[in-house]
Amino acid sequence: MKKLMYPFLLVLLSAVLAACGADDEGKTAEKKDKAKTAETDQQDQQKQMEEMQKKMEKQKLEEDKTVAIVNDQKILGREYNSVLTSSQMMFQQMGQDPTTKEAAEQIKKQTLDSLVGQTLLLQEADKKGYKASDEEVKKQLEETKGQFKDDKEFETAMQQAGLNMDSLEDEIANNIKYTKYINSEIKPEEVTDAEIKKFFDEYTSQGGAEGQEPPKLEEVKPQIKQQLEQQKQQEKLVKHVEELKKNAKIDIKV
């Protein structure tokens, strides 16, 4: 069963389309050469993208290769490659080259850490009986498909992400189970009014320096509270995974 970075499932599929469809317009000082220059620039860009893709492909592992063993559960190359693809695209969207030596090492570490953490969390979710119903999977599948303009675009995204309908449904089921576990077991600490005020003051001071008109606290208080809750939950989740690692048997094979 493939595992992606579950909270970013929709981001992964959408990013594939964005990466495939990216296209900069060519520029030239002379109008009569504009069309020709644009075509040349497009060809150069296409060549660069193809070369980049070849380099990224080389970072992938054999699909049946055992990448790691977590509590006797094997993580295979196909699972590693799915998360790797997501990490590579995130680097590209941030304007970074994922194929440099330094970036490749960072991506590899992030991919392995993510896979191990996800595996441990899903193992805990299974132990505690968290499940995804057929109705829940169907509903989220429709929501996922709704992110795209038509079935062709959706199928293209799945193909580029290395997924088919069966594996996507598996991903969605795991995503639901993962979310249920996190929301029930990893509850963030309460956000105080003082924390909201501190965040707001820092935000408005930055906005003021940029000449922007700051909003009123009451207008943005719900959004600030939600963001701070998410931050606290993420911090708590990281600590929780580290605790799970202490009692887990983890064997990295690559």
Side-chain angles (χ1 to χ4, degrees), residues 1-24 45-61 63 67-68 75-122 140 143-149 153-164 167-168 170-172 174-176 178-179 182 186 226-227 230-238 240-242 252 254:
M1 182 183 296
K2 293 184 180 180
K3 298 184 183 68
L4 295 179
M5 302 170 71
Y6 300 112
F8 306 106
L9 176 62
L10 296 180
V11 175
L12 171 64
L13 291 174
S14 299
V16 170
L17 261 288
C20 292
D23 183 20
D24 293 332
Q45 184 187 25
Q46 182 65 30
K47 185 177 180 180
Q48 291 174 359
M49 289 177 64
E50 290 174 356
E51 291 175 352
M52 176 77 72
Q53 187 62 38
K54 289 179 181 178
K55 291 180 180 179
M56 291 193 297
E57 286 293 322
K58 289 182 179 179
Q59 294 180 6
K60 292 185 177 181
L61 303 176
E63 289 200 348
V67 176
I75 297 175
L76 301 180
R78 64 176 63 94
E79 303 171 60
Y80 177 89
N81 293 340
S82 291
V83 180
L84 176 75
T85 298
S86 176
S87 298
Q88 289 171 333
M89 288 190 296
M90 288 181 181
F91 262 66
Q92 286 182 298
Q93 290 193 338
M94 291 187 293
Q96 300 181 34
D97 183 354
T99 64
T100 65
K101 183 178 180 180
E102 181 179 357
E105 291 176 353
Q106 183 179 348
I107 288 173
K108 178 180 178 180
K109 183 180 183 304
Q110 288 178 348
T111 299
L112 290 169
D113 286 346
S114 176
L115 284 166
V116 169
Q118 290 166 8
T119 301
L120 288 170
L121 289 168
L122 283 173
Q140 190 163 323
E143 291 175 355
T144 302
K145 291 176 69 175
Q147 302 295 312
F148 303 90
K149 65 181 182 181
E153 186 179 75
F154 172 66
E155 290 168 4
T156 300
M158 280 203 302
Q159 184 179 11
Q160 292 296 325
L163 297 167
N164 56 38
S167 57
L168 177 58
D170 285 342
E171 294 289 350
I172 290 173
N174 278 328
N175 188 38
I176 292 170
Y178 173 93
T179 302
I182 297 302
I186 315 296
Q226 183 179 26
Q227 182 171 338
Q230 291 174 346
Q231 289 177 0
K232 288 191 174 188
Q233 187 177 45
Q234 185 64 32
E235 291 169 0
K236 195 171 181 180
L237 179 60
V238 170
H240 181 58
V241 170
E242 290 305 313
I252 304 297
V254 294

Do side-chain atoms of E79 reach the backbone of L76 as a donor and acceptor pair under 3.5 angstrom?
yes

Counting N and O atoms only, with roles assigned by atom type, does the side chain of S114 sit under 3.5 Å from a partner on the main chain of Q110, one being a donor and the other an acceptor?
no

My understanding is that only one of T119, L112, V83 makes a side chain to side chain contact (heavy atoms under 4.5 Å, CB included) with I75; could you say which?
T119

Tightest non-hydrogen contact, residues A103 and D97, listed as CB-O, 3.3 Å

With rounding to the nearest 0.5 angstrom, report the CD to CD distance, Q231 to E235.
7.0 Å

Under 3.5 Å: donor-acceptor pair, side chain of S82, backbone of R78:
yes

Between the side chain of Q88 and the main-chain N/O of M56, is any donor-acceptor distance below 3.5 Å?
yes

Could you state the interatomic distance from CG (L84) to CE (M89), rounded to the nearest 0.5 Å?
10.0 Å

Strictly below 4.0 Å, N to O, side chains only: are K60 and E57 in salt-bridge contact?
yes

For the atom pair CD (E171) and OH (Y178), what is the distance rounded to the nearest 0.5 Å?
12.5 Å

Rounded to the nearest 0.5 Å, the CE atom of M158 sits from the OG1 atom of T144 at a distance of 10.0 Å

Here the gap from K54 atom NZ to T99 atom OG1, rounded to the nearest 0.5 Å, amounts to 13.5 Å

What's the shortest heavy-atom distance between V241 and L120, and which atoms?
O-CD1, 4.4 Å

Please evaluate residues S167 and D170 with respect to the criterion side-chain hydrogen bond (donor to acceptor under 3.5 Å, both in side chains), reporting the C-alpha separation (whole Å), side-chain torsions for both, the decisive distance (0.1 Å), and the verdict.
CA-CA 5 Å; S167 57; D170 285 342; over 6 Å; no

For I186, is there any backbone N or O sitting under 3.5 Å from a side-chain donor or acceptor partner on Q233?
yes

Looking only at heavy atoms, which two atoms of S87 and I107 are closest? And how far apart?
CB-CG2, 3.8 Å

Residues that Q230 engages under side chain to side chain contact (heavy atoms under 4.5 Å, CB included), provided they are two or more places apart
Q226

Which pairs pass salt bridge (charged side-chain N to carboxylate O under 4.0 Å, His left out) with one or both residues in residues 99-109, sequence neighbours excluded?
K109-D113

